[in-house]
Amino acid sequence: MFHVEHSSFPSTHINTLFLQAMFPQYDVIVVGAGHAGCEAAAAAANLGSKVLLITMNMQTIAQMSCNPAMGGIAKGQIVREIDAMGGYSGIVTDKSMIQFRMLNKSKGPAMWSPRAQSDRMLFAATWREMLENTPNVDFYQDMVQSMLIKDNRVVGVITGLGHEIQSKAVVVTSGTFLNGVIHIGEKRFGGGRVAEKAATGITEQLVSLGFESDRLKTGTPPRVDGRSLDYSKMEEQKGDEEILGFSFLDIPKPKTQRSCWITYTNTTVHDLLKTGFDRSPMYTGRIEGVGPRYCPSIEDKINRFAERDRHQLFIEPEGWNTVEIYVNGFSTSLPEEVQYEALRKVPGFENVRMFRPGMLLSMTSFLQHN
């Protein structure tokens with residue numbers, strides 16, 4: 001048996017050796033491994049920079065937090081522009097799509113918008129595989145707690161485990177995680193995604209440095225069990241026969257596609273939803289923040305467009321081999337029981353089983369530097 005005197009290897013010396021071996025001088029540190037962070041890491045690495053991608057969970061790299069789809073109005077153009085500049089989003093989307101549709105085909109070509117329904121798990125797995133096969137990209141699982149500042153410049157980060165990692169530049173792509181708060185009815189708890197904790201520390205530091213912050217909010221709908229739905233009461237929405245895709249590279253397209261479905265709310269659904277308005281964080285003043293104009297909640301739609309007796313819902317499968325369904329158009333932060341009872345009055349949802357309720361997230365956003 002070996003005997004080592006503790007004094008022979010001071011802990012500070014061991015820690016220094018660890019940091020030098022684990023974290024050499026990086027050109028770029030990317031904080032957050034959502035879609036923006038993944039693209040930032042790939043872009044920097046492909047330009048020759050040594051990159052460290054830091055994420056709080058290696059198992060959720062490039063996870064599709066909201067609906068499992070890419071593209072659509074305006075966003076489809078962005079994905080193709082990213083592809084033209086050497087980004088990966090278009091390639092990953094083409095490799096993981098389960099349905100492709102070109103929207104607005106009844107209008108002129110300038111209005112056409114590509115949209116793909118993706119396999120959620122395959123999308124994330126493909127993204128991670130592409131990053132792992134990109135030279136110059138390293139990964140580390142930890143939370144970034146603050147920036148390293150020297151001479152009024154960012155020179156690295158300090159992680160939740162207390163590691164100081166040096167770099168020439170830091171890219172922050174924290175998404176919904178930065179001081180994120182989840183709201184479901186009167187329930188409120190910290191988180192950047194369901195069952196995932198929020199990121200803290202960066203907000204307070206940047207505010208102290210003169211950055212102006214605000215709160216943004218966004219919502220998601222319930223996820224339901226597709227086996228509990230009656231599709232005979234819905235309209236089938238098939239993919240296009242010609243799959244154009246997103247990437248300018250010749251990526252093999254799927255031989256078959258999964259259908260989506262269309263159904264509608266009704267006045268009974270609206271009346272049930274209204275019974276929960278007094279417990280909605282949006283209407284009781286418990287949440288502040290600017291919301292995206294293109295993704296209103298179902299309660300917002302029936303309140304702002306009271307003259308309409310129904311709203312369209314898109315029933316979207318989450319992948320090739322799952323029964324999980326995304327109820328697009330039913331984003332909500334109402335109490336779970338209100339969501340459930342209202343869903344049961346939607347045609348085809350009479351016997352619905354809910355995997356998880358819809359929710360509203362609010363998170364920190366930085367506007368400008370004073």
Side-chain angles (χ1 to χ4, degrees), residues 32 34 56-57 60 63-68 120 143 173-204 207 213-224 265 269-305 311 313 316 318 324-346 349 352-367:
M56 292 197 296
N57 188 348
T60 56
Q63 180 166 309
M64 307 182 94
S65 297
C66 199
N67 63 319
R120 181 186 297 278
M143 183 182 75
T173 61
S174 49
T176 59
F177 283 80
L178 204 57
N179 282 12
V181 178
I182 294 173
H183 302 261
I184 303 175
E186 296 175 303
K187 300 172 184 176
R188 166 185 169 139
F189 48 93
R193 224 171 3 221
V194 170
E196 295 183 55
K197 65 180 182 180
T200 58
I202 297 178
T203 298
E204 294 76 12
V207 169
S213 71
D214 203 347
R215 301 289 289 181
L216 292 179
K217 62 177 183 284
T218 186
T220 66
R223 281 19 172 229
V224 303
T265 63
V269 173
H270 299 175
D271 289 341
L272 278 167
L273 290 170
K274 290 175 183 177
T275 65
F277 277 16
D278 62 335
R279 290 177 286 163
S280 168
M282 291 181 61
Y283 290 95
T284 57
R286 291 196 310 276
I287 181 172
E288 295 180 0
V290 180
R293 294 179 63 189
Y294 55 84
C295 189
S297 66
I298 185 65
E299 54 263 38
D300 197 29
K301 285 190 284 190
I302 64 177
N303 186 52
R304 291 170 53 192
F305 306 105
H311 292 282
L313 302 177
E316 301 174 342
E318 296 259 350
E324 188 171 359
I325 296 293
Y326 182 93
V327 189
N328 197 338
F330 207 89
S331 292
T332 180
S333 61
L334 294 173
E336 303 102 302
E337 64 273 18
V338 176
Q339 297 183 34
Y340 179 66
E341 290 303 323
L343 275 175
R344 291 179 61 197
K345 299 303 180 182
V346 173
F349 279 67
V352 66
R353 289 190 296 274
M354 192 163 64
F355 282 161
R356 72 172 192 254
M359 64 182 186
L360 188 147
L361 292 105
S362 66
M363 75 296 296
T364 297
S365 175
F366 289 95
L367 306 178

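What you see is a predicted model, and the numbers here were worked out from it, not measured in a lab. If you read the sequence from its start, that first residue is 1, and numbering goes on from there.
Scanning both residues, L343 and P222, for their nearest heavy atoms gives CD1-CG, 3.9 Å. Across L273 and A342, no two heavy atoms sit closer than the pair CD2-CB, 3.6 Å. The two residues P221 and V327 have their closest heavy-atom pair at CB-O, 3.1 Å. Listed here is the closest heavy atom pair of G175 and M363: O-CG, 3.6 Å. For H270 against I302, the heavy-atom pair with the smallest separation is CD2-CG2, 3.4 Å. Counting all heavy atoms, side chain and backbone alike, G276 lies closest to V338 at CA-CG2, 4.1 Å.
Atom-to-atom distance recorded for L361:CG and T176:OG1 is 5.5 Å, nearest 0.5 angstrom. Atoms CD1 and CG, from I298 and N303 in turn, are 11.5 Å apart once rounded to the nearest 0.5 Å. Note that the CG atom of D214 and the OG atom of S362 stand 11.0 Å from one another [nearest 0.5 Å]. The CD atom of E341 sits 5.0 Å away from the CZ atom of R344 when rounded to the nearest 0.5 Å. Between the OG atom in S174 and the CE atom in M143 there is a gap of 11.5 Å [rounded to 0.5 Å]. For the atom pair CD1 of I325 and CD of E316, the computed distance is 9.0 Å after rounding to the nearest 0.5 Å.
With sequence neighbours left out, E196 forms a side-chain contact (heavy atoms from CB on, under 4.5 Å) with T60, Q63, F177, R193. Applying the side-chain contact (heavy atoms from CB on, under 4.5 Å) criterion to F189, with sequence neighbours excluded, gives I182, I184.
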Contacts table for residues 352-360: side-chain donor-acceptor under 3.5 angstrom, sequence neighbours left out:
unit_1, atom_1, unit_2, atom_2, d
R353, NH2, D225, OD2, 3.3

Problem - Test side chain to side chain contact (heavy atoms under 4.5 Å, CB included) applied to L313 and F349, step by step - result: CA-CA 12 Å; L313 302 177; F349 279 67; 5.7 Å; no

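Using a distance-only test at 3.5 Å, with no hydrogens or angles considered, no donor-acceptor pair links the side chain of R279 to the main chain of F277. In terms of modelled atom types and a separation under 3.5 Å, the side chain of T220 and the main chain of C66 share no donor-acceptor contact. At distances below 3.5 Å, not a single donor-acceptor pair connects side-chain atoms of T332 with backbone N or O atoms of S297. The backbone N or O of G201 sits less than 3.5 Å from a side-chain atom of E204, completing a donor-acceptor pair. The backbone N or O of S333 sits less than 3.5 Å from a side-chain atom of E299, completing a donor-acceptor pair. Side-chain atoms of E318 do not come within 3.5 Å of backbone N or O of P68 as any donor-acceptor pair.
At a threshold of 4.5 Å between non-hydrogen side-chain atoms, the residues P281 and R188 do not count as touching. For the pair R215/V181, a side-chain contact is recorded, criterion being any heavy-atom separation below 4.5 Å from C-beta on.
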